[in-house]
K.L.:
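I am attaching a structure below and will ask some questions about it afterwards.
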Amino acid sequence: MDYGTDQETASRWPCQLSSFQPRSHRPAGCHDFYVGGPNAVDGTGQLIGCGDAATQATKALGSAKLALAAASAGFQDVVQWNVLLVERTDVNSVYGAIGEQLAATEPPLVSAAFVAKLGVPGALVEISAVAAVLPD
């Protein structure tokens with residue numbers, strides 16, 4: 001099914017939610033900044049929230065926020081979030097914990113996928129992002 005690119009067609013997108021969009025764009029003149037998959041580890045590399053997906057999601061998103069800040073960016077600059085969840089992780093608890101923070105006035109793309117496991121033993125959630133940052 002072709003949804004095209006015009007406003008009328010976009011308004012009929014079947015999976016559109018109020019706080020997330022099926023597509024996004026990179027504003028002209030922006031620099032791309034990529035946040036590569038933080039998960040719920042502390043400064044020593046120890047997993048936080050073992051067995052608790054909501055706690056891990058909150059910590060991972062906090063780490064993404066710190067990485068964005070290092071590039072003078074914030075959640076408002078994110079054009080795409082990618083959320084990886086270990087199979088059988090409760091997606092509702094994860095989005096209950098972080099969904100409101102992922103949403104924005106101009107909602108970014110949000111993709112989620114279930115995976116067999118992540119690189120950090122015991123990690124249930126990993127979050128990456130792409131931001132479009134205006135130069136100073």
K.L.:
Please go through Val41's hydrophobic cluster and name the other residues, only I, L, V, M, F, W, Y counting, with side-chain heavy atoms under 4.5 Å joining them.
P.N.:
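Reading the cluster by chain and number, Val41 sits alongside Leu47, Val120.
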K.L.:
Is any side-chain heavy atom of Asp77 closer than 4.5 Å to one of Phe33?
P.N.:
no
K.L.:
Scan residues 53-65 for pairs that pass side-chain hydrogen bond (donor to acceptor under 3.5 Å, both in side chains), counting only residues two or more places apart or in two chains.
P.N.:
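Of all non-adjacent pairs touching residues 53-65, those that pass side-chain hydrogen bond (donor to acceptor under 3.5 Å, both in side chains) are Asp52-Thr55.
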K.L.:
So, for Ala53 and Val94, which heavy atoms are closest and what is the spacing to 0.1 Å?
P.N.:
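That closest heavy-atom pairing would be CB-CG2, 3.7 Å.
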K.L.:
Mind jotting down which residue pairs meet the side-chain hydrogen bond (donor to acceptor under 3.5 Å, both in side chains) criterion with at least one end in residues 35-50? Sequence neighbours excluded, please.
P.N.:
Asp42-Thr44
K.L.:
Could you tell me whether the side chain of Leu61 reaches within less than 4.5 Å of the side chain of Val125, counting heavy atoms only?
P.N.:
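No, too far: nothing below the 4.5 Å cut-off.
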K.L.:
Considering non-hydrogen atoms only, spot the tightest contact between Tyr95 and Ser111 and give its length.
P.N.:
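Tyr95 and Ser111 have their closest heavy atoms at OH-O, 4.3 Å.
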K.L.:
Which residues satisfy the side chain to side chain contact (heavy atoms under 4.5 Å, CB included) test with Ser72, sequence neighbours excluded?
P.N.:
none
K.L.:
If you compare all heavy atoms of Ala60 against all heavy atoms of Pro38, which two are closest, and at what distance to 0.1 Å?
P.N.:
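Smallest heavy-atom distance, with atoms named: CB-O, 3.5 Å.
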K.L.:
Closest heavy-atom contact between Val78 and Ala129?
P.N.:
CG1-CB, 4.2 Å
K.L.:
If you group Ile, Leu, Val, Met, Phe, Trp and Tyr by side-chain heavy-atom gaps below 4.5 Å, do Ile48 and Ile98 land in one group?
P.N.:
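They do not share one cluster, since no chain of ILVMFWY contacts under 4.5 Å joins Ile48 to Ile98.
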K.L.:
According to side chain to side chain contact (heavy atoms under 4.5 Å, CB included), who are the partners of Val86, at least two apart in sequence or on a separate chain?
P.N.:
Thr89, Leu118, Leu124
